[in-house]
Structures are given as structure tokens and as C-alpha cells.
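Data block below; observations after.
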2 protein chains.
Amino acid sequence: MGKSDATSVNRKEEIISAAIEVFAEIGYYRATTAQVAQRAKISQPYIFRFFSTKEALLLAALEVSWTRVIDSFHKVMESGLSEQLEPDLIRAYEDILDSYRNETLLQMQAQTIQEDSIREAMRKGFGEVHRIVLDAFQGAGIPNPQERATMFLARGMLCNISSALDMPELMGK
Amino acid sequence: MGKSDATSVNRKEEIISAAIEVFAEIGYYRATTAQVAQRAKISQPYIFRFFSTKEALLLAALEVSWTRVIDSFHKVMESGLSEQLEPDLIRAYEDILDSYRNETLLQMQAQTIQEDSIREAMRKGFGEVHRIVLDAFQGAGIPNPQERATMFLARGMLCNISSALDMPELMGK
DNA sequence: ACTATAAGTAATTGATGAATCACTAACTAG
DNA sequence: CTAGTTAGTGATTCATCAATTACTTATAGT
């Protein structure tokens with residue numbers, strides 16, 4: 001299998017990557033499957049061989065984006081000293097925002113989508129991240145872990161907005 | 001002029017109110033002007049007597065939502081003691097989230113819309129709220145006002161998400 | 001009554017988009 | 001070789017929607 005080999009799994013991942021870009025740039029509802037297909041360099045109908053609906057494609061894209069955050073936080077916890085735990089987590093999240101801005105933009109969009117399946121995916125993602133951070137803070141013996149976990153998430157959410165609107169001043173200069 | 005009198009200004013406000021509801025519930029791009037019209041109990045084309053485009057209607061709706069927050073914060077600052085300033089501002093924002101949830105959902109949507117005019121409106125709204133909070137904290141002699149203002153906004157943004165996804169546990173139980 | 005203007009709508013238009021269908025080309029196992 | 005499977009596309013379908021047009025009804029001033 002050479003690098004240009006197009007396995008079914010590769011195609012699926014390529015489509016998801018294209019969808020993350022296009023959905024983030026154009027907006028999920030406004031973006032068309034034709035635009036996603038063009039970005040993925042395939043024909044529009046071929047998307048539906050891998051995803052039964054546009055919404056299924058969005059769900060797959062969200063799954064990728066949440067896995068990104070969760071895996072990153074797990075890595076920090078495994079390898080880090082518990083004294084610098086919070087700054088390490090902050091840095092990890094900022095790195096994701098730098099490198100995978102589109103995934104964050106997609107998550108932000110999905111926060112207000114009312115379809116049950118999307119809401120469930122978002123609840124699961126947020127819930128798991130919250131649980132991980134809370135466990136980490138408790139395990140590290142940080143005082144008021146509940147409140148600190150909330151403020152950690154809160155800072156992250158403002159960070160998202162500051163990035164999305166290109167307003168660095170919101171994060172206190 | 002009785003209460004059922006339909007002045008041009010009233011109609012405009014009614015349309016904006018209907019748009020806030022429909023856009024928040026359905027999503028701006030997915031919502032149709034026909035749905036807004038139905039909610040406002042007018043015909044679909046009549047919307048375009050007041051707003052030249054769907055986007056102009058969104059801008060008007062965002063204007064209303066930001067004015068809501070800004071006016072509320074101003075009122076807190078005028079009438080409140082500076083010792084309880086921060087909790088008063090928090091309560092004021094929570095009241096808005098309770099009473100005007102749709103306006104917040106609309107703002108959340110607009111955070112990721114890439115059209116220049118929308119981004120500009122969002123920057124203006126966020127910028128003004130940030131300025132007000134920062135001025136208030138500085139005026140009240142709160143230490144580290146910059147950082148405290150950032151954390152105030154951050155908490156508000158997580159509060160939005162917690163409300164939108166119906167996840168009260170995110171705010172630390 | 002009469003005319004101007006405001007309030008409002010039905011019908012249409014032109015464009016667009018998700019999803020399906022019908023098909024072709026390339027590879028693979030026996 | 002050939003029968004079956006995988007990869008892929010062009011053309012079409014059916015629905016939808018923002019925006020326009022052309023029209024009707026009501027109101028107010030003279």
C-alpha cells in the first residue's frame with residue numbers, strides 16, 4: 001500500500017477532514033455537500049457512500065474534534081507533573097486551538113444546533129472533558145477542584161470566542 | 001393609538017422578535033423568512049419592506065440582543081453598591097439568560113458566522129460589554145481588574161453553553 | 001366622493017441543494 | 001476468461017427558499 005493508495009478508510013477520513021474545513025468556513029447549514037466533495041476531490045454523490053446523510057457527516061466530524069481534545073488532555077495527565085497540571089492543560093488546549101482551529105469552530109457551531117443527535121454528541125464531548133479535568137484537579141490535590149474545573153472550561157470557551165472573532169483583547173491583553 | 005395599533009415601528013419590532021425566536025430555534029441559515037413571517041403573523045414578502053435582506057434582519061436582531069446586555073449592565077452600575085458589583089453583574093446576566101434565552105442562542109450562533117457585517121456587530125457587542133465590565137471593576141477598586149473582567153466574561157460564556165446544552169453540571173453543580 | 005399613500009398579500013421567479021439513480025471502469029478470486 | 005465486487009461519476013429529481021412583481025385593501029386628508 002503506497003501513500004497514494006485510496007483505501008475506503010482513508011477516503012472516509014479525507015471526507016471528514018474536508019467537511020471540518022468547509023463546515024467551519026462556510027457554516028454547517030449553509031455549506032453544501034458539493035463543496036465538501038470538491039475539497040475532498042471526489043464527486044458529490046460519493047459522499048453518500050460513506051455517510052448516509054449530511055448530518056451523519058457532521059457527527060463524524062464532531063467525534064474527531066472531541067477525540068482530539070480528550071486524547072490531548074489524557075496525554076498531559078500521563079506525562080506531566082501534577083504541580084504544573086493546570087498550565088500544562090491550558091497550553092495543550094491553546095495548541096489545539098492553534099493547530100485545529102476549524103475543529104473548534106465546528107464545535108462552537110454545534111453548541112446551538114437543536115437536533116437531538118448533535119446535542120447528544122456535544123453533551124458527551126463536554127461531559128467527558130469536564131470529567132477528565134475535574135478528576136485531574138482532584139487527583140493533583142488542587143483546592144476547590146469543582147470551581148477550578150468550571151473556571152478552566154470557562155476560560156477555554158472565552159478563548160474559543162476570542163479566536164473566532166479575532167479579539168485577543170478579550171483574554172486580558 | 002390602541003394596543004392593537006400597528007405602526008410601522010411596531011411591525012418592525014414584531015418582526016425582529018419573531019426572527020430572534022425562529023433563528024434561535026431553527027438556526028439562522030436553516031430558518032426561512034417564511035417561518036419568521038408566520039411567527040410574526042404577516043406574509044413572507046412583507047418582511048422585505050422592513051429589511052432589505054435576511055442578513056439585515058439578523059443584524060437588527062443582534063443589535064437588540066446586545067443592547068439588552070449593555071443596558072442591563074449599565075443599570076447595575078448606576079444603582080448598585082460597588083462592593084457587590086461583581087455578584088450583581090453576574091445576577092443581571094443570569095436574569096437575561098433566563099428571560100431572553102433566544103437572544104443568547106442567537107449571539108452564540110453569530111460567534112461563528114464569517115460574514116463581515118456580522119463579525120463586526122459581534123466584535124462591537126463583545127468589545128462594548130468587555131469595556132463596561134472592565135471600567136466597572138476598575139472604578140470599584142477591584143484588584144487585577146483586567147484578569148477579573150476576563151474571568152467574568154469567561155464564566156458568562158460557559159454559562160451560555162451550559163444553558164444551551166442543558167448541562168447545569170458544567171457550572172460546578 | 002376622491003385621490004394619495006400606507007399596509008398588506010398571492011403568485012411567481014430563479015437559483016440552489018440533498019439525495020437517488022443509472023451507469024462505467026477497474027480490480028480480484030477461481 | 002469471467003463472474004463478482006469495489007470505486008467512482010454524470011445526470012436527474014424533487015423540494016425549498018430569498019427576493020421580486022404586480023396586485024388589493026384600508027386609511028386619511030381635502
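Per chain, numbering begins at 1; letters A, B, ... match sequence-line order.
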Check every strand shown and say whether B:Ala37 touches a base, only sugar-phosphate, or nothing at a heavy-atom separation below 4.0 Å.
nothing
How do B:Thr53 and B:Arg49 order along DNA chain D: which one's closest nucleotide is nearer the 5' end?
B:Thr53
Distance test, side-chain N/O of A:Ser43 to OP1/OP2 of D:dG8, below 4.0 Å
no
Taking 4.0 angstrom as the limit, do B:Glu78 and B:Lys75 come out as a salt bridge?
no
Should the pair B:Lys54 and B:Tyr28 be classed as cation-pi, given the thresholds of under 6.0 Å to the six-membered ring centre and 45° from the axis?
yes
Calculate the interatomic distance between B:Gln44 atom CD and D:dC23 atom P; express it in whole Å.
19 Å
Ranking D:dA18, C:dA18, D:dG8 by distance to the side chain of A:Lys54, first place goes to C:dA18
Nearest whole Å is fine: how far is D:dA18 C1' from B:Tyr28 OH?
10 Å
Check the phosphate of C:dG8 against B:Arg11, side-chain N and O only, distance under 4.0 Å to OP1 or OP2. Yes or no?
yes
Report yes if a side-chain nitrogen or oxygen of B:Tyr46 is closer than 4.0 Å to either non-bridging phosphate oxygen (OP1 or OP2) of C:dT9; otherwise report no.
no
Whole-Å distance between C:dA18 C1' and A:Gln35 CD?
13 Å
Taking for each residue the nucleotide of DNA chain D bearing the nearest heavy atom, is the 5' side occupied by A:Lys41 or by B:Pro45?
A:Lys41
For B:Glu120, is there an ion pair with B:Arg123 - N to carboxylate O distance below 4.0 angstrom?
no
Atom-pair distance (NZ on A:Lys12; C1' on D:dT6), nearest Å:
16 Å
For B:Glu115, I'd like to know if atom CD has over 12 heavy atoms of other residues, nucleotides or ligands within 6.0 Å.
yes
Nearest whole Å is fine: how far is D:dG10 P from A:Gln38 CD?
13 Å
Please report the distance, rounded to the nearest Å, between OH in A:Tyr29 and P in D:dA18.
15 Å
Can you check the B:Phe50 CZ to D:dA18 P distance for me, whole Å?
18 Å
Report yes if at least one side-chain N or O of A:Thr33 is closer than 4.0 Å to OP1 or OP2 of C:dA18; otherwise report no.
yes
B:Tyr93 and B:Asp88: side chain donor to acceptor below 3.5 Å:
no
Protein-nucleotide distance (B:Ile42, atom CD1; D:dT24, atom P), rounded to Å:
21 Å
Ranking C:dA18, D:dT9, D:dA18 by distance to the side chain of A:Phe48, first place goes to C:dA18
